[in-house]
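In what follows, every heavy atom counts, from backbone to side chain, and hydrogens, waters and symmetry copies are set aside. Given the structure is predicted, the values throughout are model-derived calculations rather than measurements. Each chain gets a letter, A, B and so on, in the order its sequence line appears, and its residues count up from 1.
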Amino acid sequence: MTKFFNIIKKDIKLYFSSPVTLIFFIVLPILFTSILAAATGAFGGGAIVLNYVDQAQSPLSASLLETLQEDDTFELQAVELAEAQDVFAEGRMDAYLLIPPDFDRETMLEGDLVVQLYQQPNRTTSQTIFQELQLALTKLTSVQAKIDTVLQAYQELHPEVSAAELDNLAEQLLPEIQLEVASAPARLTETVSQSGEEIVYDPAISSSAGQLITWVFMTLLGVAGSMAFERERGTLKRLLVTPTSRLTYFSATIFGTVLIALVQIALLMVFGALVWKAPWLERPLPTALLMLAFSFASAGLGAFMGSLVRTESQAGGIGTTVGMTFALLSGAWFPIELFPKVMQNVAKIFPTYWGMQGLKDILISNKPFEQIVPTIGILLGFAVVFLALGMIFFKTE
Amino acid sequence: MTPILQAKNLVKKYGDLTAVDDVSFEIQEGEIFSLLGPNGAGKTTTISMLSTLLTPTSGDALIDGSSILNDNMQVRKSIGIVPQEIALYDELTALENLEYWGKLYDLGGGELKKRIREVLEVIGLTDRAKDRVKTYSGGMKRRINIASGLLHKPKLLFMDEPTVGIDPQSRRMILDMVKELNQQGMAILYTTHYMEEAQELSDRVGIIDHGKLIAIGTQDGLTQQVGETDSIHLETDPTDDLPSIAAKMEGFGEISKVIVETDGLTLITKDAERSLAPIITHAGQAGARIRSIEIIEPNLETVFLHLTGRALRD
Amino acid sequence: MRKIWQIAIKDLKLIIRDPMALVYFLLAPFLLTLGMAAITGAFSSGDTGLSNIPIVITNADQGELGNALVEVFQSEELDELMNPVLQEDFEVARQMIDDDSAVAALLIPEGFSNSIIPKEGAALPEEVVQLQLYSDGESTYSVGIIRTIIEIFINELNSSNSTVSIALNKLLSENLITPEEVPVFLDALMPQLRNPENDPGYQLIVNDTEVERQNVSFLALIAPSMALMFLMFNVTSGGVSFLLERRNFTLQRNLVSPTRSHQIILGKSLGIFLRGYAQVLILVLTSALLFGLDWGNWLAVLVLIAFATYGALGWGIFLTSFLKTPSQVSNAGTTIGLLFGMLGGGFLPMETLPEWLKNVARISPNAWGSEGFTILAAGGTIVDLGTILLALFIMGTALLALASVFFRRNVVQVGG
């Protein structure tokens, strides 16, 4: 056991021997989360930026925009048509809404109201924009449309009524009906799975969970680097000719890095909780257990890689590649629900996926602990498999 | 005859530290000159200045008539260098390394090919030339390291401790190669901290310590400087109180110097054979329990010992 | 010039001999681009991120409105988007959400229809019967869409109801219709109102044909940014090779050969430039061949790669010039590479960055480069790249000039 701690102590000393380490340890993760947050407007409620060109400038177009703004789905941004067309053609704009010049009450009364939406293919928010737009337009026009239908039916019954009379009727009815619709009782209640109460979902939590997983994963893959480092220096050989077993070496190296990672996790979580009000500290026990299991799984993968690579620079290169690819594919950067189904299933082979899922289950869905246990189990399974693979492929030089 | 190298009052300072302190010497054409001194004496710094890698704080040197300060491109053309480290690209083959370095010395075409063939023959690695350097043993890397400095037939070759850390066989081969190159007329500046190598190779030797050139001359000349002095090494029991014994030996008979070493004492005296018996008796009385006795004829080691009061390798 | 070329060629050989370098500089960006493409569905047929959203519906109402709502989810319009499953027991439905086999469970409670349209003769109940949605907190986007669809339905319902009742009252109160006429009137009206094919009162046109043709895919956006991010890694690691040569003493050996130090610096920089150029070019070519990505005017693409590489080279050499050890340079390189990568649209479209960050991003060759690539992909030519090329040229030159100040002191002058 003394040997075990001796190795851990050495690893930790080596790790923190360079101040540059701190960049990857804490500065970059925070910087990245902040930029992502700023970019996605996440901490303001996760609004989707919707560019619009309002050629009508009519009361009706104003009320459409107002309706769109009502719920916090969109952040509206006015643009010039020429600019919108250019930027959109270059693919640098996801979508824009074109409200044509004749978007006004008269056109609505004639039933010829047209709005144009331009969307890039393969954009994650396409459907959301489309459906929300339909909702807003429905809210705006449905009462008028219904009045038209009712009056039409009335006209069929009483063909003698003049058009002017009908128009007059319609005008009187509209505000009254609109008022009534607006005050209609809520017909939909929503509960979010497990929590039993409606929680306000904040994509920032998801995105900072993703960043946390990414950076901690990179730290943990560092096991490969430290193994390669020792192999290159010859200190690995020296260590293995001392009466120290391979298992001791392996597990101590893993433990050392796990300890480092846990410190990193703790720092990032405390920071996140304080600065971004992320719910990291709300369920400390399940969170701690999950992150521990995740750490062992990832460090195990690191040890496996460390067994295969020869030099520290190889370890660094492969580490970054694997780290980023895994993080990307397991939904740490983009919500996994937006992935094609195949990719959602492929993601399950990555430990980062389970880390991500676990964090979301604990902190967003508020699932009871029994339901987190399988995730923890899977992560520990990864750890065992990787450790075994590492031991099998391990070579001293 | 003009010397191929004239170093004049070379000084290199790093802040307060003087790494090379007023070093002057000459090397004649076709001569092997050794700089002998312990690790950290300033040998590599001296070579770095002479090979234009470092600018001296003061002083100058002329190599084949060109100043290292003003005409370093001309200097670089006349010298070859074999650095202490294996300065090669591991991922390239020996052949590619040689081609690369040769081209930097303005060789090319058929001439380069011919020279590469020749040096490969000299170092005996023709068979392995197409293998990557990283697959070589330490000794083989050393030989390619040397070959890379020979391609352009320099008039003066700097060899900085070329035998550090290699097996006796490769070492033998390198020493023989140095002699052969010299026979072909190449002047060589050889640095080492192995007394035996300096002794075997050199026409003249400069002894350097703490940045100062403390003695210079032929081997005979240097040993004569020490005079008729021999040294007697007494190996004593490890528990003996060496400093107190040393104090008692000081000034006894014709002893001119007493040096305390880890395993015993070294005494510098005239005519060791005659004075051996009384010295041993006196040492016994002083409390020394002698394990073995060795009389060392004057050599470069003795010279160094005499001049600095320390052994070469400590 | 010949020596500069020699040194550059040597550096290129060295990198080709190092299989890990190839993995890092070619395979990694390729894999990441591929990953991006895979998760954004560039390889699947559907052209939206979301499709076949699994929803479980429990229709305990079985009335007119409940059925109508179920029909909405089963409609042809939502065929691709929704994958509705009916489940009689709402408890079972909820369980499916907890098991992650669907994203939301919708309960249409018993009496939902009657609470809005009372049975004949019965009064409208006091109590409001609400639809219940039980949703998965993690699938925000999917649940959001489901919620919106239900809201559209409810909104339509409310406006129909209110319109009918208020209009009817109005007609009656103003004696425009007699109570006897009401049943006939309603019989004629109701089918009209319920007719889903009835004009919704507006028309939402998505992407007219002209736009469809241009079709700049997400992959086309991400691929150049990825290439540029790894270009930054590449050039900084080229900078590292300077310092490694010093550590391995080959730099000293170069310096004592009759080669001027500026030739060595230029030669190595040229080597770094060439490897960077080759990397981007290979990525461009493979993505064009494998995924049919259209990068636009080839001549302009080649020129743009050269200028972007030059700008990146400036950063790489600049970092090398004042940092002391290879590991410092490679850490700084990774850090800056990642940051620039993010600012240059490697992880998310640059347009989503706030204005001030877009301005910050201008210090990176990535931002300029990816802007250039998008211009070319959208059919631009070299003429449209004027500002971008100029910016990259100034960036590279300024950084190289700065670097040369530090360089002689820090890298070429060798201590000890």
Side-chain angles (χ1 to χ4, degrees), chain B residues 12 14-15 17 19-20 40 42 44-45 47-55 63 66 68 71-93 96-97 99-108 112 132-134 141 145 148-149 151-152 154 158 160, chain C residues 1-25 237-238 240-268 270-272 275 326 408-416:
Chain B
K12 184 71 191 178
Y14 294 105
L17 180 85
V20 171
T44 301
T45 310
I47 283 211
S48 295
M49 285 190 285
L50 291 173
S51 57
T52 73
L53 204 52
L54 283 179
T55 314
I63 291 175
S66 306
I68 58 167
D71 202 0
N72 55 22
M73 288 309 271
Q74 201 51 48
V75 168
R76 290 177 191 182
K77 284 180 186 165
S78 353
I79 60 169
I81 182 157
V82 178
Q84 188 170 350
E85 302 78 16
I86 312 273
L88 297 171
Y89 297 105
D90 261 6
E91 297 295 334
L92 299 184
T93 66
E96 286 169 325
N97 266 289
E99 273 172 8
Y100 175 72
W101 297 116
K103 282 175 184 165
L104 289 191
Y105 281 97
D106 302 308
L107 296 173
L112 177 60
R132 292 194 192 177
V133 170
K134 68 173 180 186
K141 283 185 187 171
N145 199 33
S148 303
L151 289 163
H152 60 297
F158 294 150
D160 193 4
Chain C
M1 198 54 213
R2 225 192 54 186
K3 281 189 186 172
I4 296 176
W5 188 243
Q6 278 304 324
I7 294 169
I9 290 293
K10 177 260 303 172
D11 269 16
L12 285 183
K13 263 190 198 163
L14 286 177
I15 194 159
I16 290 168
R17 296 284 163 81
D18 181 2
M20 281 323 297
L22 292 181
V23 166
Y24 196 36
F25 297 129
S237 103
V240 172
S241 84
F242 254 111
L243 299 183
L244 278 180
E245 284 224 30
R246 184 168 78 173
R247 197 168 75 180
N248 297 335
F249 297 96
T250 44
L251 180 65
Q252 287 86 324
R253 192 164 219 166
N254 277 295
L255 284 167
V256 298
S257 76
T259 310
R260 296 186 189 284
S261 55
H262 76 258
Q263 288 178 311
I264 297 172
I265 297 173
L266 281 177
K268 284 198 66 77
L270 180 62
I272 299 169
R275 65 193 245 188
R408 284 199 61 85
R409 194 168 58 213
N410 193 34
V411 179
V412 178
Q413 180 66 282
V414 186

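Nearest heavy-atom pair across K3(C) and K103(B) is CE-O, 4.0 Å. Looking at every heavy atom in both residues, A87(B) comes nearest to T250(C) through C-CG2, 3.3 Å. When all heavy atoms are compared, the tightest approach of K10(C) to Y89(B) is NZ-OH, 2.9 Å. Annotation for T259(C) and R76(B): closest pair O-NH1, 2.7 Å, computed over non-hydrogen atoms. In terms of heavy-atom proximity, V256(C) sits nearest to S51(B) at CG1-O, 3.3 Å.
No part of Q74(B) comes within reach of chain C, as not one of its non-hydrogen atoms sits under 4.5 angstrom from that chain. Heavy atoms of N145(B) lying under 4.5 Å from chain C belong to its backbone as well as its side chain. Neither the backbone nor the side chain of I9(C) comes within contact range of chain B; no heavy atom of the residue lies under 4.5 Å from a heavy atom of that chain. For Q263(C), no part sits under 4.5 Å from any heavy atom of chain B, backbone or side chain.
Taking chain C as the reference chain and counting heavy-atom pairs below 4.5 Å, the highest number among S148(B), G108(B), A19(B) is found for S148(B). Counting heavy-atom pairs under 4.5 Å between each of K77(B), E99(B), R132(B) and chain C puts R132(B) at the top. Highest contact tally toward chain C, considering only I81(B), I79(B), T52(B), V75(B), is held by I81(B) [criterion: heavy-atom pairs under 4.5 Å].
Annotation: the span from L255(C) atom CG to N72(B) atom CG amounts to 10.5 Å, rounded to 0.5 Å. Atom CD in Q6(C) sits 11.5 Å away from atom CH2 in W101(B) (nearest 0.5 Å).
R253(C) places no side-chain N or O within donor-acceptor distance of the main-chain N or O of I86(B), the cut-off being under 3.5 Å.
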